[in-house]
2 protein chains.
Amino acid sequence: MNKFETKHWTSDTVAADLEHAIHEHRLPPGTKLGEDELAEAYGISRTIVRAALLALSHRRLVELKRNRGAFVAQPTVRDAREVFEARALLEPRTAHSAAERMTDEDLALLRSNIASEHEALDAGENGRALFLSGQFHAEIARIADQTTVEGFISELISRSSLIIALYWRRRAALCETQAHHALLEAFANRDGALAEQLMKSHLLDLVASLDLRNVTQPPTSLREALKR
Amino acid sequence: MNKFETKHWTSDTVAADLEHAIHEHRLPPGTKLGEDELAEAYGISRTIVRAALLALSHRRLVELKRNRGAFVAQPTVRDAREVFEARALLEPRTAHSAAERMTDEDLALLRSNIASEHEALDAGENGRALFLSGQFHAEIARIADQTTVEGFISELISRSSLIIALYWRRRAALCETQAHHALLEAFANRDGALAEQLMKSHLLDLVASLDLRNVTQPPTSLREALKR
DNA sequence: GTATACAATCTTGCGTGCAAGGCTGCGTCC
DNA sequence: GGACGCAGCCTTGCACGCAAGATTGTATAC
């Protein structure tokens, strides 16, 4: 597997590619990301790989264990609660701002995102659907035009994909279609207060779909998994 | 200048040391951070320096310009507004949580912080006072026991120190003594609602002390500074 | 069959050196 | 004196190789 040897990979593009793969659950939590393996896959030296992994560790998507290697992060139950609490602090106000700044182009893009997510689901591409679902939120943050908060939300959304991989218990689609449609309606009406309220509800709904009972942590090794 | 050759510097400790120096305004915005220079100063190779600089760039404290080098970041007026808006979203609720979780040890630590800040001011050590003032906020975030939000707040506080370096217009001490004391009182009474309200006011007061009129950006070079 | 010790192999940590790009200084021309 | 071009030097980008640490496999003892 040598990915697109003709493409010029930088640490930023490698990090983004890996993040995308993590987001789509192609690289599940706990996956080992070996430097040599990645260097060979991307056709670059380990120097660039290391920089990419460092970047991902700063976003909490990858855990670097000294002398052991890099692994896709495995958020704890506590991490999960924290991430959604942080989202609850940031995203409702962001949705409010987005509604007030919404352009027709923005609206069209959000609609297109929902349609693409449906297509992905219909095609059985759950990873892609998850990514697009997260992108809906990321786009709202972008439209709100506050890059500092957008950066935080972007990180939280990516981390959410890991949490969903580990703790999602609902069989249905990831974000309820109805919730995204209702938000779209509020945006179309430039109704900030409604958008804010809907985003609050939507995030609560997401948390409710996670199995965060005080169960033991996800198994981190075969030994642990076989203990039961 | 070879700093403590006997000490074993890692990229994490170098990054922390640089961040501390930035926070205390010993490394002002715009300062060039050359790889070779830092490597010699810390007695390490450039490899470690690069990792440290990369870490600081992820915290927005350092700007990496390709083929040109690393520079202490220079937040724009827009950045300044964004940072304090983000703080306004996160810190009041965090103060509320901290009040509810406050222990006597926590209280003592916050008191000690205020006292140390006063000592620094009396000794004319404004940089140190600024750092301690920021630490007061960071401690509140730590006490609130939500590490995800704490991480964001920590980054925002550090970035605030750069903003203060560029845009602070008040002659008085950095955070009004009265504001920190009032918060301490609310914490002593475990009054979450009051702590939340006081933190909101405090942050508004901080923003009001910044000169964020739509003036031209801070000069980024001698040429620009001499244009007037 | 199980436990332990040790050697071999694999992977990471990180120093070093070379190529590429940017900056500065000098010389020339107008 | 000012503008422009070019060479030389400085700094960054990043590949590579070696040392250190972790993991795995094998042999031995009970």
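Reminder, nothing fancy here: chain letters follow the sequence lines and each chain counts from 1.
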K.L.:
Taking CG from A:Asp36 and C1' from D:dG17, how many angstroms apart are they, rounded to a whole number?
P.N.:
12 Å
K.L.:
Would you kindly give the NE2-to-C1' distance between A:His8 and C:dA20, to the nearest whole Å?
P.N.:
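The answer, rounded to whole Å, is 12 Å.
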K.L.:
So, are B:Glu24 and B:Arg128 salt-bridged, with charged N and O less than 4.0 Å apart?
P.N.:
no
K.L.:
Select from A:Thr47 and B:Leu33 the residue whose nearest nucleotide in DNA chain D is closer to the 5' end of that strand.
P.N.:
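By nearest-heavy-atom nucleotide position, the 5'-most residue is B:Leu33.
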K.L.:
Once side chain to side chain donor-acceptor pair (under 3.5 Å) is applied, do any residues pair with B:Arg60, and if so which ones, sequence neighbours excluded?
P.N.:
none
K.L.:
Between C:dG17 atom P and B:Glu35 atom CD, what is the distance in whole Å?
P.N.:
16 Å
K.L.:
Whether A:Arg78 and A:Glu82 form a salt bridge (side-chain N of Lys/Arg under 4.0 Å from carboxylate O of Asp/Glu) is what I want to check.
P.N.:
yes
K.L.:
Could A:Asp106 and A:Arg142 be called an ion pair, given the rule that one side-chain N must be under 4.0 Å from one carboxylate O?
P.N.:
yes
K.L.:
Starting at atom CZ of A:Phe71, determine the distance to atom C1' of D:dA22, rounded to an integer number of angstrom.
P.N.:
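Interatomic distance, CZ of A:Phe71 to C1' of D:dA22: 11 Å.
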K.L.:
So do the side chains of A:Glu139 and A:Leu110 get within less than 4.5 Å of each other, counting heavy atoms only?
P.N.:
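Yes; the side chains approach each other to less than 4.5 Å.
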K.L.:
Please report the distance, rounded to the nearest Å, between CZ in A:Arg46 and C1' in C:dT16.
P.N.:
14 Å
K.L.:
Of the listed nucleotides (D:dT12, C:dG13, C:dT11), which one gets closest to any side-chain atom of A:Lys32?
P.N.:
C:dT11
K.L.:
Nearest whole Å is fine: how far is C:dT16 C1' from B:Ile44 CD1?
P.N.:
15 Å
K.L.:
For the side chain of A:Ser133 and the backbone of A:Ala129, is there at least one donor-acceptor N/O pair under 3.5 Å apart?
P.N.:
no
K.L.:
Among residues 50-68 of chain A, which residues get a heavy atom nearer than 4.0 Å to DNA chain D?
P.N.:
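Those residues are A:Asn67, A:Arg68.
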